[in-house]
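Below, each value reflects all heavy atoms present in this structure, side chains not excepted, and no hydrogens, waters or symmetry copies. To find a chain, count down the sequence lines: A is the first, B the second, and so on, and within it residues start at 1.
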There are 2 protein chains.
Amino acid sequence: MTTPESTTDIPQDFEALKAVILERKAQLPKRLKQVAAYSLDHPDEIAFGTAASIATSADVQPSTLVRFAQHFGFEGFSSLQQIFRARLRERTPGYEDRLKALRGNDHSKLESGSIFNGFVAAAHRSLDNVATSIGPQAFERAVDILAKADTIYLIAKRRSYPISSYMAYAFGKLRVKYQHVGTAAGIDDDMLAMATKQDAAFAVSFSPYASESAAQARFLAGRKVPVVSLTDSAFSPLAESSKVWFELVEADHAGFRSLSASMAFAMALTVAIAEKRRRHAEEGKPL
Amino acid sequence: MTTPESTTDIPQDFEALKAVILERKAQLPKRLKQVAAYSLDHPDEIAFGTAASIATSADVQPSTLVRFAQHFGFEGFSSLQQIFRARLRERTPGYEDRLKALRGNDHSKLESGSIFNGFVAAAHRSLDNVATSIGPQAFERAVDILAKADTIYLIAKRRSYPISSYMAYAFGKLRVKYQHVGTAAGIDDDMLAMATKQDAAFAVSFSPYASESAAQARFLAGRKVPVVSLTDSAFSPLAESSKVWFELVEADHAGFRSLSASMAFAMALTVAIAEKRRRHAEEGKPL
DNA sequence: GAGCTTATGAAACATAAATTCCGTCACTTC
DNA sequence: GAAGTGACGGAATTTATGTTTCATAAGCTC
């Protein structure tokens with residue numbers, strides 16, 4: 001049953017192909033659907049990879065790729081691959097200009113567009129700053145303290161809460177023991193009362209500072225629990241309770257401060273801690 | 001006679017290769033010079049073509065291409081070709097400059113520093129992509145739907161949860177009525193059961209998709225509650241339940257995907273919604 | 001539940017491609 | 001002007017890649 005359809009409805013460019021795939025994805029058999037998803041999610045891989053390498057990545061057999069291509073009217077996998085390559089070729093010339101045009105035209109034309117552009121720009125600015133405002137030695141020390149800890153207490157409220165909740169998620173995945181303080185108000189104090197100096201805490205608070213966060217950090221510091229904190233001013237109430245603290249000022253748009261830099265920082269810290277633990281575990285060294 | 005030189009002076013990226021070629025161009029023998037010129041003038045051809053096809057285009061023998069590659073320290077033509085392919089993969093405006101700046105800072109000296117730089121770079125890349133992947137009209141429609149809603153239901157689990165929790169915080173500040181679904185498992189369904197078509201929902205889910213989020217979105221869609229969603233693939237289970245959906249692929253470092261682009265998007269959406277409401281309220285128009 | 005259709009996996013096959021090898025040519029050097 | 005050195009072209013060789021085939025498994029229909 002090879003291509004009863006006329007040759008005209010074989011997609012000739014990436015956009016057309018994408019449309020056809022999305023249209024038919026529901027009726028596709030399991031493996032072909034898998035390939036369909038992979039091809040749209042990793043178009044670059046399809047463009048550059050070999051049938052074998054792509055098959056491995058997408059977790060199917062090479063023959064499935066050929067079947068997939070033929071299913072959409074192509075002669076074989078190679079001719080389908082041309083579509084993906086053409087996409088990259090055509091994108092190259094004047095790509096930067098296109099982006100400029102996009103910035104100038106598309107979004108700013110519409111009323112909400114400038115808001116969107118504004119936040120993306122603010123995020124960029126924040127990230128440009130963060131590399132200079134975070135000292136590498138301090139970062140190293142922070143990683144050290146937290147990697148040594150038995151349990152890591154995460155303290156954050158309100159605007160900082162998304163940051164600690166990401167860290168909680170990531171620590172969970174990485175099998176790092178933690179306690180997320182601040183989820184349900186009542187039990188926080190009991191939770192903190194169990195902290196010992198074998199543990200450590202990471203607190204985040206930006207102005208206007210949540211008084212509870214500062215109080216909790218102070219409480220832990222008083223019990224000799226080392227505290228690492230992320231804040232936006234040297235005058236932050238967190239600073240005095242912290243063994244290491246970072247000052248990180250986010251850029252803003254229309255008064256709404258970005259979270260990108262803090263988020264990137266949090267991710268880096270999280271992974272660095274896990275990485276350090278992993279390495280020490282491998283070397284059989286005591287922490 | 002194979003590469004007595006240390007492996008360090010083999011160019012690892014396109015810019016470095018270009019520099020080396022230009023530097024040595026004068027001393028190159030005739031055919032190699034010919035290849036050098038061709039490779040810099042038609043980098044895309046090198047990336048996609050086969051040695052034979054490139055040889056024909058450049059009017060040399062295939063073996064000359066191999067010699068050319070080996071002349072610059074590569075093992076063979078194929079490994080040289082990788083450089084040209086990588087160039088197309090990674091091409092993002094301003095990216096190279098940013099990365100250079102990052103390499104220059106003091107973080108790269110310390111062990112955890114490269115992790116930090118990596119996440120900052122990934123965040124930048126994500127933000128560079130987001131402007132092209134989010135269509136302004138779709139954004140406008142999403143704002144429209146959510147601005148009209150009485151209550152906005154925020155659906156997100158696990159990795160997406162920080163995003164919705166930021167939105168919850170911001171909506172609270174902006175006096176936009178919302179319900180955050182997913183905090184305590186038990187009451188979610190009761191909460192959603194109260195949604196009507198006067199309301200709307202915003203769902204976020206990235207692969208591997210949380211099945212609850214998809215189910216909740218489907219439930220709401222079934223009850224004629226308009227759903228706007230943010231996800232990372234056209235095959236996301238969220239797409240089918242959504243009136244408007246956005247595909248946003250975050251760059252990653254060491255397998256940990258950034259959240260910067262999603263966060264910027266969420267902020268923009270949040271503020272745009274509030275802004276639209278404010279304006280309509282001022283004008284005394286009915287929504 | 002039997003029989004048919006369709007989908008899937010694994011390996012064999014054929015082909016295309018990269019690389020190596022070697023003879024020839026041009027240019028330099030003594 | 002002869003010998004030596006390095007570049008070049010083209011064919012041979014080897015590698016690896018796309019495609020086909022076939023046996024098996026999974027769905028579906030009657």
Student: Looking only at the side chains, is there a donor atom on one of B:D128 and A:H124 sitting less than 3.5 Å from an acceptor on the other?
Tutor: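 Side chains of B:D128 and A:H124: pair found under 3.5 Å.
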
Student: Checking A:Y166 against B:Y161 for the ring-ring contact (aromatic ring centres under 6.0 Å, His included) test, could you report, in this order, the C-alpha distance in whole Å, the side-chain angles of both residues, the deciding distance, and whether it holds?
Tutor: CA-CA 8 Å; A:Y166 174 79; B:Y161 184 72; over 10 Å; no

Student: Would you find more than 12 non-hydrogen atoms of other residues, nucleotides or ligands less than 6.0 Å from B:K243 atom NZ?
Tutor: no

Student: Which parts of nucleotides 4-18 of chain C does protein reach within less than 4.0 Å, heavy atoms only, written one letter per nucleotide 5' to 3' as B for base, S for sugar-phosphate only and - for none?
Tutor: ---SBBB------SS

Student: Below 30° counts as parallel, above 60° as perpendicular, anything between as tilted: where do the rings of B:F265 and B:F139 land?
Tutor: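 Taking B:F139 first and then B:F265, their aromatic rings stand perpendicular (interplane angle over 60°).
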
Student: Need two values: the first and the last nucleotide of DNA chain D, 5' to 3', having an atom under 4.0 Å from any heavy-atom of chain B.
Tutor: D:dA7 to D:dG10

Student: List, one per line, each side-chain donor-acceptor pair under 3.5 Å for residues 57-65 of chain A, sequence neighbours excluded.
Tutor:
from  : atom 1 : to    : atom 2 : distance (Å)
A:S57 : OG     : A:S53 : O      : 3.1
A:T64 : OG1    : A:Q61 : O      : 3.4

Student: Would you call B:K18 and B:E15 a salt bridge, using N to O less than 4.0 angstrom?
Tutor: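 Answer for the salt bridge query: no.
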
Student: Any salt bridge linking B:D44 with A:R85? Criterion: basic side-chain nitrogen under 4.0 Å from a carboxylate oxygen.
Tutor: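 A:R85 and B:D44: not salt-bridged.
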
Student: Using the ring of each side chain (for Trp, its six-membered ring), is A:F14 parallel, tilted or perpendicular to A:F84, with breaks at 30° and 60°?
Tutor: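 Answer is perpendicular, since the angle exceeds 60°.
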
Student: Are any of B:Q70's side-chain N or O atoms less than 4.0 Å away from OP1 or OP2 of C:dT19?
Tutor: no

